[in-house]
Amino acid sequence: GWSPLLLALLGGDSNLPTVRLLIQHKACLEHTPSSRKGQTALLLASANRQEACVRELVTSGASLSVADRDGKRPLIHCASWHPDAKAKRACKLLIESLADVTVRDSRGQLAAYTAALESGNAQTAQMLRDEAQRIQERAQLELLGVASEIASTATSEGGNSGPPGGKKSKKKSKGRS
């Protein structure tokens, strides 16, 4: 069934005091009703544009990587909120809390960025694209750093450990064959 926390979220941001009280009394943030598998409190709040409840759930440690039946994560829901400024605030909170801005949809597109664009949220889309690019650039630099470390280690150890051409010579064994 529906937990008290999920029921409180049905009342929207006006139920924030009740949501806080339930969280303080250790309500399960990841409970999902049997009738809506995967529908956690954060997914419900983000799908229903409840900015204050999303903030409370995120700061209380709700999982940012959960997805609904359609594969949408909280960041994707928030990216489509109106007005754009509200969407941007919610997405910024989720990104600062380490939501994955690089998740791609079935077409291979950045899912949250695409949701923001399709909703007409240009500022939010720009912020999401910039963050995804920053993450990609950082990952590339990390890969280059690892590659240069490997190259420098190989050089300091005298190059590769085998003979030229990469083939190792076979030693003849003494004894019976």
Asks: Does T124 reach the main-chain N or O of A79 with its side chain, forming a donor-acceptor pair under 3.5 Å?
Replies: no

Asks: Under 4.5 Å between side-chain heavy atoms, counting indirect links through other Ile/Leu/Val/Met/Phe/Trp/Tyr residues: same cluster for L16 and L21 or not?
Replies: no

Asks: Is the side chain of N121 donor-acceptor paired with the backbone N or O of W81 at a distance under 3.5 Å, no angle test?
Replies: yes

Asks: Any heavy-atom pair between the side chains of T114 and D105 that's under 4.5 Å?
Replies: yes

Asks: Rounded to the nearest 0.5 Å, what separation is found between the CG atom of L9 and the CG atom of L43?
Replies: 11.0 Å

Asks: Within a radius of less than 6.0 Å around NZ of K86, do more than 12 heavy atoms belonging to other residues, nucleotides or ligands occur?
Replies: yes

Asks: Tell me, please, which residues at least two apart from D100 pass salt bridge (Lys or Arg N to Asp or Glu O under 4.0 Å).
Replies: none

Asks: If you compare all heavy atoms of P74 against all heavy atoms of S46, which two are closest, and at what distance to 0.1 Å?
Replies: CA-OG, 3.5 Å

Asks: How long is the straight-line distance from CZ of R89 back to CE of M127, given to the nearest 0.5 Å?
Replies: 11.0 Å

Asks: Using only atom types and a distance under 3.5 Å, with no angle test, would you say the side chain of H31 pairs donor to acceptor with the backbone of A41?
Replies: no

Asks: With heavy-atom distances below 4.5 Å as the criterion, would you say the side chains of L42 and V54 are in contact?
Replies: yes

Asks: So which atom in W2 and which in L44 form the shortest heavy-atom distance, rounded to 0.1 Å?
Replies: CZ3-CD2, 4.1 Å

Asks: For the residue pair L5 and L57, establish whether any side-chain heavy-atom pair is separated by less than 4.5 Å.
Replies: yes

Asks: In Å and rounded to the nearest 0.5 Å, what is the CG to CD distance from D84 to Q126?
Replies: 11.0 Å

Asks: When you compare the side chain of L94 with that of C78, does any pair of heavy atoms fall below 4.5 Å?
Replies: yes

Asks: Decide yes or no for S97 and L64: does some side-chain heavy atom of the first lie under 4.5 Å from some side-chain heavy atom of the second?
Replies: yes

Asks: Given side chains that start at C-beta, do those of V101 and I135 come closer than 4.5 Å, heavy atoms only?
Replies: yes

Asks: So does S63 get a backbone contact from the side chain of E30, meaning a donor-acceptor N/O pair under 3.5 Å?
Replies: yes

Asks: Are the side chains of E118 and S80 in contact, using a 4.5 Å heavy-atom criterion?
Replies: no

Asks: Salt bridge check: are R134 and E137 linked by an N-O gap of less than 4.0 Å?
Replies: no

Asks: How would you list all residue pairs meeting side-chain hydrogen bond (donor to acceptor under 3.5 Å, both in side chains) that involve residues 68-79, not counting sequence neighbours?
Replies: D68-H77

Asks: Just verifying a value: how many Å separate L93 CG and E96 CD, rounded to the nearest 0.5 Å?
Replies: 7.0 Å

Asks: Within this structure, what is the SG-CD1 distance for the pair C91 and I76, rounded to the nearest 0.5 Å?
Replies: 10.0 Å

Asks: I need the full list of side-chain hydrogen bond (donor to acceptor under 3.5 Å, both in side chains) pairs touching residues 12-25, with sequence neighbours left out, sorted by first then second residue.
Replies: R20-E56

Asks: Could you walk me through whether I95 and L128 satisfy the side-chain contact (heavy atoms from CB on, under 4.5 Å) test, starting with their C-alpha distance in whole Å, then the side-chain angles of each, then the deciding distance to 0.1 Å, before giving a yes or no?
Replies: CA-CA 9 Å; I95 290 168; L128 293 165; 3.7 Å; yes

Asks: Contact between V66 and Q39 at the side-chain level, heavy atoms closer than 4.5 Å - yes or no?
Replies: no

Asks: Please report the shortest heavy-atom distance between L29 and T40, naming the atom on each side.
Replies: O-CB, 4.0 Å

Asks: Roughly how far, to the nearest 0.5 Å, is the CG atom of L143 from the CZ atom of R138?
Replies: 12.0 Å

